[in-house]
Number of protein chains: 2
Amino acid sequence: MRKNYSKQREEIKQAVLEHRTHPTAEEVYGFVKEKDSSASKSTVYRNLHELVAEGVIQKVVLPQGIFIFDGDVSEHSHAVCKKCGAILDIPLALEKAQQAMAAEYGFQMSSYHVLLEGLCKNCTE
Amino acid sequence: MRKNYSKQREEIKQAVLEHRTHPTAEEVYGFVKEKDSSASKSTVYRNLHELVAEGVIQKVVLPQGIFIFDGDVSEHSHAVCKKCGAILDIPLALEKAQQAMAAEYGFQMSSYHVLLEGLCKNCTE
DNA sequence: TATAAAAATGAAAATAATTCCTATTTTTTA
DNA sequence: TAAAAAATAGGAATTATTTTCATTTTTATA
């Protein structure tokens with residue numbers, strides 16, 4: 001277990017936790033640059049990867065193949081607005097699916113990713 | 001509407017429809033090459049893209065960001081085996097989610113993507 | 001059928017996101 | 001405080017995909 005976080009590591013972690021917008025690596029890099037202009041991209045990518053491995057943040061892929069980072073590591077799903085791109089966290093649980101998958105397919109489901117697409121509240125008003 | 005399919009276009013379509021393994025673009029390229037060694041990658045990518053736009057096949061992204069192609073365009077979900085990589089089609093419908101999303105978040109859900117991960121039957125035996 | 005116009009192709013270059021490499025800097029340890 | 005370990009910046013390398021474009025193939029039509 002790592003005892004201390006380096007300055008950059010802490011800034012990268014905070015950038016993901018504070019910005020609840022589900023930033024991409026590039027966006028995290030932008031946030032970190034604001035505070036420490038000497039920060040490099042490789043450090044951002046490396047630390048994001050390590051934070052994911054530690055379970056501090058999670059990496060989610062959007063249907064277009066873009067990766068976003070989420071400071072909320074609890075099991076939840078996402079809804080992406082096709083117009084503004086906003087990403088909502090939704091507590092959509094698929095516990096029932098676990099048993100159904102085992103019973104019907106003999107598939108031992110260990111995790112799931114649900115991604116909804118549509119229009120968010122703002123974009124339909 | 002396109003009347004006829006070119007030779008390559010037809011081979012590319014067939015490769016996706018016949019191989020129910022959910023191939024990547026690279027794999028489709030491999031299948032097409034077997035029948036027509038002169039086929040190029042750009043043609044495979046272009047046609048896959050067009051077939052998706054036409055709704056003949058669909059493109060799905062896996063959590064690692066890899067794109068796979070599916071000849072079954074009906075709304076269904078996928079379960080990926082973490083051991084062997086097998087991809088199962090599963091009729092997991094989220095109709096209820098549609099109303100719930102509208103009622104709770106004002107989100108007009110138009111489509112969804114569900115991806116389960118775990119171990120398939122073969123890999124647990 | 002011959003031919004002009006349109007569409008599709010192959011090959012290679014360009015792109016974009018991410019990972020890798022490495023010399024240097026920073027931090028930790030004792 | 002010195003040696004060892006860890007982390008960094010910056011750039012090169014990688015990989016999957018897209019774009020470009022000259023050539024080939026197909027289609028339409030005179």
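Just so you know, these numbers come straight off a predicted model, no measurement behind them. The analysis underlying the following values was restricted to heavy atoms, covering all of them including side chains, and did not include hydrogens, waters or symmetry mates.
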Q | For Ser40(B), side chain to side chain donor-acceptor pair (under 3.5 Å) partners two or more places apart | A | Ser42(B), Thr43(B)
Q: Mind calculating the distance between CG (Leu48(B)) and C1' (dA16(D)) to the nearest angstrom?
A: 13 Å
Q. Quick one: is Gln8(B) getting a side-chain N or O under 4.0 Å of the dT25(D) phosphate, OP1 or OP2?
A. no
Measure all distances between protein nitrogen or oxygen atoms and nitrogen or oxygen atoms of nucleotides 11-20 of chain C, and list the pairs falling under 3.5 Å.
{"residue": "dA11(C)", "atom": "N7", "partner": "Ser42(B)", "partner atom": "OG", "Å": "3.4"}
{"residue": "dA11(C)", "atom": "N6", "partner": "Ser42(B)", "partner atom": "OG", "Å": "3.0"}
{"residue": "dT18(C)", "atom": "OP2", "partner": "Tyr45(A)", "partner atom": "OH", "Å": "2.4"}

Q) Hey, which of these two, Lys7(B) or Asp36(A), hits DNA chain D nearer its 5' end, going by closest nucleotide? A) Asp36(A)
Q.
Holding to ring-ring contact (aromatic ring centres under 6.0 Å, His included), I want the full list of residues that pass it with Phe31(A), two or more places apart in sequence or in another chain.
A. His19(A)
**Q.** Non-hydrogen atoms of Tyr29(A) and Val44(A) that approach each other most closely
**A.** CD1-CG2, 3.8 Å
Q. Starting at CG of Asn47(A) and ending at P of dA6(D), how long is that distance when rounded to a whole Å?
A. 15 Å
Q: Check whether any side-chain N or O of Gln108(B) sits under 3.5 Å from a backbone N or O of Leu119(A) as a donor-acceptor pair, and report yes or no.
A: no
Q.
Heavy atoms within less than 4.0 Å of DNA chain D: which residues of residues 78-86 of chain B have one? Give them sorted by number.
A. none
Q.
Applying side chain to side chain donor-acceptor pair (under 3.5 Å), can you list everything that pairs with Ser37(A), at least two apart in sequence or on another chain?
A. none
Q: Kindly write out the residues that satisfy side chain to side chain donor-acceptor pair (under 3.5 Å) with Glu10(B), not counting sequence neighbours, or none if the list is empty.
A: Gln14(B)
(Q) With a 4.0 Å limit, can you tell me whether Arg9(A) has a side-chain N or O closer than that to the phosphate oxygens OP1/OP2 of dA7(D)? (A) no
Q.
Without decimals, in angstroms, what is the distance between Tyr29(B) OH and dT17(D) C1'?
A. 14 Å
Q) In whole angstrom, what separates Glu50(B)'s CD from dT18(D)'s P? A) 12 Å
Q: Could I get the full list of side chain to side chain donor-acceptor pair (under 3.5 Å) partners for Lys41(A), not counting sequence neighbours?
A: Glu26(A)
Contacts table for residues 77-93 of chain B: side-chain donor-acceptor under 3.5 angstrom, sequence neighbours left out:
{"residue": "Ser77(B)", "atom": "OG", "partner": "Leu92(B)", "partner atom": "O", "Å": "3.4"}
{"residue": "His78(B)", "atom": "NE2", "partner": "Asp70(B)", "partner atom": "OD2", "Å": "2.8"}
{"residue": "His78(B)", "atom": "NE2", "partner": "His76(B)", "partner atom": "NE2", "Å": "3.1"}
{"residue": "His78(B)", "atom": "NE2", "partner": "Asp89(B)", "partner atom": "OD1", "Å": "3.1"}
{"residue": "Asp89(B)", "atom": "OD1", "partner": "His22(B)", "partner atom": "NE2", "Å": "3.0"}
{"residue": "Asp89(B)", "atom": "OD1", "partner": "His76(B)", "partner atom": "NE2", "Å": "2.7"}
{"residue": "Asp89(B)", "atom": "OD2", "partner": "His22(B)", "partner atom": "NE2", "Å": "3.4"}

Q | Value in whole Å for how far the C1' atom of dT15(D) lies from CD of Gln64(B) | A | 15 Å
Q. With Val56(A), which residues qualify under side-chain contact (heavy atoms from CB on, under 4.5 Å), at least two apart?
A. Tyr5(A), Lys13(A), Leu51(A), Glu54(A)
Q. To the nearest Å, how far apart are Arg46(A) CZ and dG10(D) P?
A. 13 Å
